[in-house]
Protein chains: 2
Amino acid sequence: MTEDAVVSPFRPVRHEHDACIDDALDAADALCAKQGVRLTTLRRRVLELVWGSHGPMGAYDILDRLREERMRDEKKGAAPPTVYRALDFLLSNGLIHRIESLNAYVGCGAPSDGHAGQFLICGDCGSVGELDDPDITKMIASKAEAMGFAVTHQTIEATGLCPECARRGAKNEN
Amino acid sequence: MTEDAVVSPFRPVRHEHDACIDDALDAADALCAKQGVRLTTLRRRVLELVWGSHGPMGAYDILDRLREERMRDEKKGAAPPTVYRALDFLLSNGLIHRIESLNAYVGCGAPSDGHAGQFLICGDCGSVGELDDPDITKMIASKAEAMGFAVTHQTIEATGLCPECARRGAKNEN
DNA sequence: ATGGTTTTGTTATGTTATAACATCGCAAAC
DNA sequence: GTTTGCGATGTTATAACATAACAAAACCAT
Ligand SMILES: [Zn+2]
Ligand SMILES: [Zn+2]
Ligand SMILES: [Zn+2]
Ligand SMILES: [Zn+2]
């Protein structure tokens, strides 16, 4: 029996992140077209900002970026609802996820179905890897079911050290 | 091979909840004595308030209760830090857990080690059942490890319908 | 062009959490 | 028994996160 190659949910420290963002935006365009929903300029820009890093971004971080841009264009600033509405849209269309333990948002690495995502959060560098492991989902659902509980949504977040930071940490422990 | 009896993490709708609270407080007294930390009057009272229900309680809910009590005693009110400090103490001594997806707190059903807890949250009645299933913990740790990620803390929260509400829901679907 | 719908702007406010510094109260050291 | 140190609590102010409610604009279909 052959095993699927295990692909790390963490990107290499230096990768072509512009391409990474472009891919995410292209996927979003396609998905929204298919769903018949409108990825407006604002929503697309917010998604782009969220994808600015592979780390979680707070709503007010996004807001600050938007304000900067608009100020540069001599336009008025923006207010919290502008950002939260865009985030709501992106969330409900599965283009981003919310990290509950950080009150922050990350781009979804596999925006297709309405999955929940499972997150590995590095306490050192802040990067977040997304897992979507059906074994975990199933095990939790079945353990809950054994208690008579019917699960509709799972929040799975693990904090720790990402491969990169673990390696760096080991190095500095000489 | 004999199976351990599976005990529901949900209490019956009507149970001797005063005794339930007393048990929790006794356990807390014992644990704090053993750890050589001080379960002061305030901390003990906050724990008691958190145990007031088997549902999650917000910090400001607790604060309101404290204020009421103090007002009745003609004393001054209380301020947020009073509550948050007590909650921090209780959290770091494993006497309560924080539910990240609700910004709220619940009493720990098995306050012993520094475990994280896994929560089943009823979206209908708000009651929370605590699971501490080592299979889930291990599976997540090992899946993460396979990605080179070293987990130090897990946040596991499932939303859905508790047994009680599922039964009630089924009844009303005639 | 018109009218209805969706999106965005704007103002105000609600909710959750922490920083910083003052004070209190108990117990060990003197 | 007073002093002194320290952990706990009080107090004030503010930071950080999120939503309600209503107005204006942009969009789209007829
Ligand atoms: Zn990238
Ligand atoms: Zn890292
Ligand atoms: Zn009870
Ligand atoms: Zn319920």
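Lettering of chains follows the sequences in order, A, B, ..., and the numbering in each one begins at 1. Note that this is a predicted model, so its numbers are computed, not measured.
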Using whole Å, report how far [atom1] of [X] lies from [atom2] of [N].
{"X": "B:Leu39", "N": "D:dA8", "atom1": "CG", "atom2": "P", "answer": "11 Å"}
{"X": "B:Leu63", "N": "D:dT11", "atom1": "CG", "atom2": "C1'", "answer": "13 Å"}
{"X": "B:Asn103", "N": "D:dA18", "atom1": "CG", "atom2": "C1'", "answer": "10 Å"}
{"X": "A:Leu66", "N": "C:dT10", "atom1": "CG", "atom2": "C1'", "answer": "15 Å"}
{"X": "A:Arg67", "N": "C:dG9", "atom1": "CZ", "atom2": "P", "answer": "12 Å"}
{"X": "B:Glu100", "N": "D:dA18", "atom1": "CD", "atom2": "C1'", "answer": "16 Å"}
{"X": "B:Arg43", "N": "C:dG25", "atom1": "CZ", "atom2": "C1'", "answer": "14 Å"}
{"X": "B:Asp61", "N": "C:dA17", "atom1": "CG", "atom2": "P", "answer": "11 Å"}

Handout entry: Stretch residues 74-89 of chain A: residues that reach within less than 4.0 Å of DNA chain D through a heavy atom
Key =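 Per residue number, the list reads A:Pro80, A:Pro81, A:Tyr84, A:Arg85.
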Problem - Sequence neighbours excluded, every pair satisfying side-chain hydrogen bond (donor to acceptor under 3.5 Å, both in side chains) that has a member inside residues 118-147 of chain B - result: A:Asp133-B:Lys143, A:Asp135-B:Lys143, A:Lys143-B:Asp133, A:Lys143-B:Asp135, B:His97-B:Glu130, B:His115-B:Asp132, B:Gln118-B:Thr137
Practice task
Output the distance between atom CD1 (A:Ile156) and atom CD (A:Gln154), rounded to the nearest 0.5 Å.
Solution key: 5.0 Å
Completion exercise
Output for pair (A:Tyr105 OH, A:Leu90 CG), nearest 0.5 Å, gives 11.0 Å
Extract from the structure each pairing of a protein N or O with an N or O of nucleotides 28-30 of chain D at less than 3.5 Å, listing the distance.
none

Handout entry: A:Glu157 and B:His153, any side-chain heavy atoms less than 4.5 Å apart
Key = no
Handout entry: Contact check, side chains of B:Asn93 and B:Leu31, non-hydrogen atoms, under 4.5 Å
Key =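 They are not in side-chain contact.
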When you check the phosphate oxygens OP1 and OP2 of [N], does a side-chain N or O of [X] lie under 4.0 Å from one of them?
{"X": "A:Arg98", "N": "D:dA18", "result": "yes"}
{"X": "B:Arg70", "N": "D:dG10", "result": "yes"}
{"X": "B:Tyr105", "N": "C:dT16", "result": "no"}

Problem - A:Glu69 with A:Arg72: basic N within carboxylate O range, under 4.0 Å - result: no
Handout entry: Check ion pair B:Glu100-B:Arg98 (N to O, under 4.0 angstrom)
Key =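 Salt bridge present between B:Glu100 and B:Arg98.
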Problem - Check: B:Ser92 side chain, B:Asp88 main-chain N or O, donor-acceptor pair, under 3.5 Å - result: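 Such a contact is found between B:Ser92 side chain and B:Asp88 backbone.
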Practice task
Kindly say whether, by distance alone, the side chain of A:Tyr60 makes a donor-acceptor pair under 3.5 Å with the base of D:dA18?
Solution key: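 Answer is yes: a donor-acceptor pair is held.
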Practice task
Could you please name the option among D:dA18, C:dT7, D:dG10 that lies closest to any side-chain atom of B:Leu42?
Solution key: D:dG10
Exercise for the section: For the pair A:Phe10 and B:Phe149, name the ring-plane relationship: parallel under 30°, tilted 30 to 60°, perpendicular over 60°. Expected result: parallel
